[in-house]
Amino acid sequence: AQSVTQPDIHITVSEGASLELRCNYSYGATPYLFWYVQSPGQGLQLLLKYFSGDTLVQGIKGFEAEFKRSQSSFNLRKPSVHWSDAAEYFCAGSPPGAGSYQLTFGKGTKLSVIP
Amino acid sequence: SQTIHQWPATLVQPVGSPLSLECTVEGTSNPNLYWYRQAAGRGLQLLFYSIGIDQISSEVPQNLSASRPQDRQFILSSKKLLLSDSGFYLCAWSAGLAGGGDTQYFGPGTRLTVL
(Lines give C-alpha, C1' and ligand atoms only; values in the text may rest on other atoms or scores of the structure.)
Protein backbone atom coordinates (compact mmCIF):
# COMPACT_ATOMS: atom_id res chain seq x y z
CA ALA A 1 0.00 0.00 0.00
CA GLN A 2 1.12 3.54 -0.69
CA SER A 3 2.18 5.42 2.39
CA VAL A 4 4.04 8.45 3.66
CA THR A 5 5.64 8.31 7.10
CA GLN A 6 6.93 11.11 9.27
CA PRO A 7 8.77 9.39 12.11
CA ASP A 8 8.99 12.42 14.38
CA ILE A 9 5.78 13.66 15.98
CA HIS A 10 7.39 16.64 17.72
CA ILE A 11 10.77 18.34 17.34
CA THR A 12 12.17 21.22 19.36
CA VAL A 13 15.08 23.32 18.12
CA SER A 14 16.71 26.54 19.22
CA GLU A 15 16.35 29.62 17.10
CA GLY A 16 19.27 29.84 14.69
CA ALA A 17 19.92 26.10 14.75
CA SER A 18 19.63 23.92 11.69
CA LEU A 19 16.57 21.77 11.07
CA GLU A 20 15.87 18.49 9.35
CA LEU A 21 12.40 16.94 9.26
CA ARG A 22 12.21 13.36 8.08
CA CYS A 23 9.83 11.88 5.55
CA ASN A 24 9.81 8.36 4.13
CA TYR A 25 7.58 7.09 1.38
CA SER A 26 6.44 3.71 0.14
CA TYR A 27 5.26 3.57 -3.46
CA GLY A 28 5.74 1.15 -6.32
CA ALA A 29 7.51 3.82 -8.34
CA THR A 30 8.93 7.25 -7.54
CA PRO A 31 5.99 9.38 -6.42
CA TYR A 32 5.42 13.07 -6.64
CA LEU A 33 6.37 14.50 -3.24
CA PHE A 34 5.34 17.63 -1.39
CA TRP A 35 5.99 19.47 1.85
CA TYR A 36 3.33 21.68 3.40
CA VAL A 37 3.37 23.88 6.51
CA GLN A 38 0.42 24.64 8.75
CA SER A 39 0.37 27.39 11.36
CA PRO A 40 -2.15 26.96 14.20
CA GLY A 41 -5.72 27.43 13.01
CA GLN A 42 -4.64 27.98 9.42
CA GLY A 43 -4.76 26.08 6.17
CA LEU A 44 -1.80 24.29 4.61
CA GLN A 45 0.75 26.25 2.63
CA LEU A 46 2.89 24.55 0.00
CA LEU A 47 6.61 24.83 0.77
CA LEU A 48 8.04 22.83 -2.13
CA LYS A 49 7.46 19.87 -4.40
CA TYR A 50 9.46 17.25 -6.24
CA PHE A 51 8.36 15.74 -9.51
CA SER A 52 11.58 14.67 -11.23
CA GLY A 53 15.05 15.92 -12.13
CA ASP A 54 17.32 17.63 -9.63
CA THR A 55 17.05 15.81 -6.32
CA LEU A 56 17.62 18.97 -4.26
CA VAL A 57 14.53 21.13 -4.35
CA GLN A 58 14.38 24.72 -3.19
CA GLY A 59 11.22 26.09 -1.66
CA ILE A 60 9.82 29.16 -0.03
CA LYS A 61 10.89 30.61 3.34
CA GLY A 62 14.45 29.28 2.96
CA PHE A 63 13.47 25.59 3.02
CA GLU A 64 14.91 22.88 0.84
CA ALA A 65 14.34 19.15 0.53
CA GLU A 66 16.43 16.35 -0.85
CA PHE A 67 14.98 13.33 -2.63
CA LYS A 68 16.94 10.14 -1.98
CA ARG A 69 15.67 7.17 -3.93
CA SER A 70 17.99 4.70 -2.18
CA GLN A 71 16.53 5.66 1.19
CA SER A 72 12.96 6.32 0.02
CA SER A 73 13.23 9.65 1.76
CA PHE A 74 12.37 13.27 1.11
CA ASN A 75 13.69 15.18 4.13
CA LEU A 76 13.04 18.86 4.66
CA ARG A 77 15.88 21.10 5.79
CA LYS A 78 16.57 24.65 6.80
CA PRO A 79 20.03 25.91 7.77
CA SER A 80 18.87 28.44 10.39
CA VAL A 81 15.46 28.29 12.02
CA HIS A 82 13.49 31.41 12.90
CA TRP A 83 10.89 31.62 15.66
CA SER A 84 8.23 32.13 12.98
CA ASP A 85 8.96 28.64 11.62
CA ALA A 86 7.15 27.09 14.60
CA ALA A 87 4.29 25.20 12.98
CA GLU A 88 3.26 21.74 11.89
CA TYR A 89 4.86 20.28 8.78
CA PHE A 90 3.28 17.69 6.53
CA CYS A 91 4.93 15.54 3.92
CA ALA A 92 2.66 14.20 1.17
CA GLY A 93 2.93 12.02 -1.90
CA SER A 94 0.90 11.04 -4.92
CA PRO A 95 1.55 8.16 -7.31
CA PRO A 96 3.24 8.90 -10.62
CA GLY A 97 1.38 9.01 -13.90
CA ALA A 98 -1.83 10.34 -15.29
CA GLY A 99 -4.90 10.71 -13.16
CA SER A 100 -2.91 10.95 -9.95
CA TYR A 101 -5.11 13.36 -8.08
CA GLN A 102 -5.03 11.98 -4.59
CA LEU A 103 -2.45 12.94 -1.99
CA THR A 104 -1.39 10.70 0.85
CA PHE A 105 -0.26 12.71 3.86
CA GLY A 106 2.06 11.83 6.67
CA LYS A 107 0.72 12.48 10.17
CA GLY A 108 2.79 15.62 10.55
CA THR A 109 5.71 16.85 12.62
CA LYS A 110 5.13 19.68 15.05
CA LEU A 111 8.08 22.04 15.25
CA SER A 112 8.69 24.12 18.37
CA VAL A 113 11.36 26.83 18.37
CA ILE A 114 13.11 27.94 21.55
CA PRO A 115 14.10 31.62 21.52
CA SER B 1 -3.80 34.65 -9.32
CA GLN B 2 -5.94 31.98 -7.78
CA THR B 3 -7.56 32.27 -4.38
CA ILE B 4 -9.66 29.88 -2.36
CA HIS B 5 -12.23 30.90 0.21
CA GLN B 6 -13.99 28.94 2.92
CA TRP B 7 -16.79 29.95 5.22
CA PRO B 8 -17.65 30.10 7.87
CA ALA B 9 -14.29 30.21 9.62
CA THR B 10 -15.72 28.86 12.85
CA LEU B 11 -18.94 27.02 13.59
CA VAL B 12 -20.48 25.57 16.75
CA GLN B 13 -23.44 23.30 16.15
CA PRO B 14 -25.56 21.00 18.34
CA VAL B 15 -25.68 17.27 17.73
CA GLY B 16 -28.38 16.40 15.21
CA SER B 17 -28.36 19.76 13.47
CA PRO B 18 -27.64 20.17 9.74
CA LEU B 19 -24.37 21.41 8.28
CA SER B 20 -23.34 23.36 5.24
CA LEU B 21 -19.76 24.43 4.61
CA GLU B 22 -18.89 26.34 1.48
CA CYS B 23 -15.73 26.59 -0.56
CA THR B 24 -15.16 28.73 -3.63
CA VAL B 25 -12.16 29.18 -5.89
CA GLU B 26 -11.35 32.25 -7.95
CA GLY B 27 -8.96 32.78 -10.81
CA THR B 28 -9.13 29.35 -12.42
CA SER B 29 -11.60 27.21 -14.29
CA ASN B 30 -12.43 23.49 -14.17
CA PRO B 31 -10.43 22.90 -11.01
CA ASN B 32 -10.36 19.66 -9.10
CA LEU B 33 -11.83 20.25 -5.66
CA TYR B 34 -11.27 18.40 -2.41
CA TRP B 35 -12.66 18.24 1.12
CA TYR B 36 -10.42 17.07 3.95
CA ARG B 37 -11.02 16.69 7.66
CA GLN B 38 -8.27 17.14 10.21
CA ALA B 39 -9.01 15.73 13.64
CA ALA B 40 -6.63 16.25 16.53
CA GLY B 41 -3.66 13.92 16.26
CA ARG B 42 -5.04 12.11 13.23
CA GLY B 43 -3.58 13.93 10.26
CA LEU B 44 -5.56 14.81 7.16
CA GLN B 45 -8.34 12.56 5.94
CA LEU B 46 -9.64 12.99 2.40
CA LEU B 47 -13.44 13.03 2.48
CA PHE B 48 -14.49 13.89 -1.09
CA TYR B 49 -12.94 14.96 -4.33
CA SER B 50 -14.45 16.24 -7.54
CA ILE B 51 -12.95 16.42 -11.01
CA GLY B 52 -15.97 18.21 -12.46
CA ILE B 53 -19.57 19.21 -11.89
CA ASP B 54 -21.61 16.12 -11.01
CA GLN B 55 -18.40 14.10 -10.62
CA ILE B 56 -17.86 13.62 -6.91
CA SER B 57 -16.10 10.70 -5.30
CA SER B 58 -16.47 9.77 -1.66
CA GLU B 59 -13.46 8.36 0.12
CA VAL B 60 -14.94 7.60 3.51
CA PRO B 61 -18.53 6.42 4.09
CA GLN B 62 -20.15 8.58 6.74
CA ASN B 63 -23.01 10.97 7.30
CA LEU B 64 -21.45 13.73 5.21
CA SER B 65 -22.14 14.54 1.58
CA ALA B 66 -20.65 16.92 -0.97
CA SER B 67 -22.08 18.81 -3.91
CA ARG B 68 -20.68 20.98 -6.66
CA PRO B 69 -23.43 23.29 -7.85
CA GLN B 70 -21.05 25.44 -9.89
CA ASP B 71 -17.65 24.87 -11.46
CA ARG B 72 -15.76 26.62 -8.70
CA GLN B 73 -18.02 25.96 -5.72
CA PHE B 74 -17.84 22.94 -3.46
CA ILE B 75 -20.21 22.38 -0.56
CA LEU B 76 -19.94 19.93 2.33
CA SER B 77 -23.20 19.01 4.01
CA SER B 78 -24.76 16.86 6.65
CA LYS B 79 -28.37 16.30 7.58
CA LYS B 80 -27.60 15.40 11.19
CA LEU B 81 -24.29 16.13 12.83
CA LEU B 82 -22.57 13.69 15.16
CA LEU B 83 -20.11 14.49 17.93
CA SER B 84 -17.45 12.72 15.87
CA ASP B 85 -17.91 15.26 13.07
CA SER B 86 -16.01 17.86 15.08
CA GLY B 87 -12.75 18.88 13.48
CA PHE B 88 -11.01 21.25 11.13
CA TYR B 89 -12.34 21.05 7.58
CA LEU B 90 -10.09 22.03 4.74
CA CYS B 91 -11.01 22.62 1.14
CA ALA B 92 -8.36 22.40 -1.58
CA TRP B 93 -8.16 22.87 -5.31
CA SER B 94 -5.81 21.69 -8.02
CA ALA B 95 -5.53 22.35 -11.72
CA GLY B 96 -6.40 18.78 -12.63
CA LEU B 97 -3.31 18.13 -14.71
CA ALA B 98 -3.96 15.11 -16.90
CA GLY B 99 -0.31 14.10 -16.89
CA GLY B 100 -0.09 13.73 -13.13
CA GLY B 101 1.77 15.69 -10.51
CA ASP B 102 -1.25 17.75 -9.63
CA THR B 103 -0.47 20.25 -6.84
CA GLN B 104 -3.15 20.95 -4.27
CA TYR B 105 -3.66 24.39 -2.74
CA PHE B 106 -5.57 24.72 0.49
CA GLY B 107 -8.09 27.15 1.87
CA PRO B 108 -7.99 28.67 5.36
CA GLY B 109 -10.26 26.01 6.86
CA THR B 110 -13.41 25.85 9.00
CA ARG B 111 -13.27 24.86 12.65
CA LEU B 112 -16.40 22.85 13.45
CA THR B 113 -17.35 22.00 17.02
CA VAL B 114 -20.33 19.74 17.59
CA LEU B 115 -21.74 19.87 21.12
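Throughout, protein chains are lettered first and strands after them, A, B, ... in sequence-line order, and every chain is numbered starting at 1.
Among residues two or more places apart in sequence or in another chain, the side chain to side chain contact (heavy atoms under 4.5 Å, CB included) test is passed with B:Thr3 by B:His5, B:Glu26. In this structure, B:Phe48 has no ring-ring contact (aromatic ring centres under 6.0 Å, His included) partners at least two apart in sequence or on a different chain.
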Check step by step if side-chain contact (heavy atoms from CB on, under 4.5 Å) holds for A:Leu103 and B:Tyr36.
CA-CA 11 Å; A:Leu103 280 179; B:Tyr36 289 86; 4.0 Å; yes
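The hydrophobic cluster containing B:Tyr89 also contains B:Leu83, counting ILVMFWY residues as joined when their side-chain heavy atoms lie under 4.5 angstrom apart, directly or transitively. There is no path of hydrophobic side-chain contacts, each under 4.5 Å, that joins B:Ile75 to B:Tyr49. A:Tyr32 and A:Tyr50 are members of different hydrophobic clusters when ILVMFWY side chains are connected at heavy-atom separations under 4.5 Å. Under a hydrophobic clustering in which Ile, Leu, Val, Met, Phe, Trp and Tyr are joined whenever their side-chain heavy atoms come within less than 4.5 Å, directly or via other members, A:Ile60 and A:Trp35 fall into the same cluster. In the hydrophobic clustering of ILVMFWY residues, with side-chain heavy atoms under 4.5 Å counting as a link, A:Phe90 and B:Leu47 come out together.
Among the residues in residues 38-46 of chain A, those with a non-hydrogen atom closer than 4.5 angstrom to a non-hydrogen atom of chain B are A:Gln38, A:Gly41, A:Gln42, A:Gly43, A:Leu44, A:Leu46. Residues of residues 16-25 of chain A lying under 4.5 angstrom from chain B, judged on non-hydrogen atoms, do not exist here.
Proximity to chain A (any heavy atom under 4.5 Å) is restricted, for B:Ile51, to the side chain, taken from C-beta onward.
Top candidate by heavy-atom pairs under 4.5 Å with chain A, chosen from B:Leu90, B:Ile4, B:Thr10, B:Asn32, is B:Asn32. Interface remark: of the candidates B:Phe106, B:Tyr34, B:Tyr105, B:Phe106 forms the most heavy-atom pairs closer than 4.5 Å to chain A.
For CD1 of A:Ile9, the number of neighbouring non-hydrogen atoms (other residues, nucleotides, ligands) closer than 6.0 Å is 12 at most. More than 12 heavy atoms of other residues, nucleotides or ligands shown are found within 6.0 angstrom of CH2 on B:Trp7.
The shortest side-chain heavy-atom distance between B:Gln38 and A:Phe105 does not fall under the 4.5 Å cut-off. Two residues are said to be in side-chain contact when any heavy atoms from C-beta on lie closer than 4.5 Å; B:Thr103 and A:Phe51 meet this criterion. B:Leu44 places none of its side-chain heavy atoms less than 4.5 Å from the side chain of A:Tyr36.
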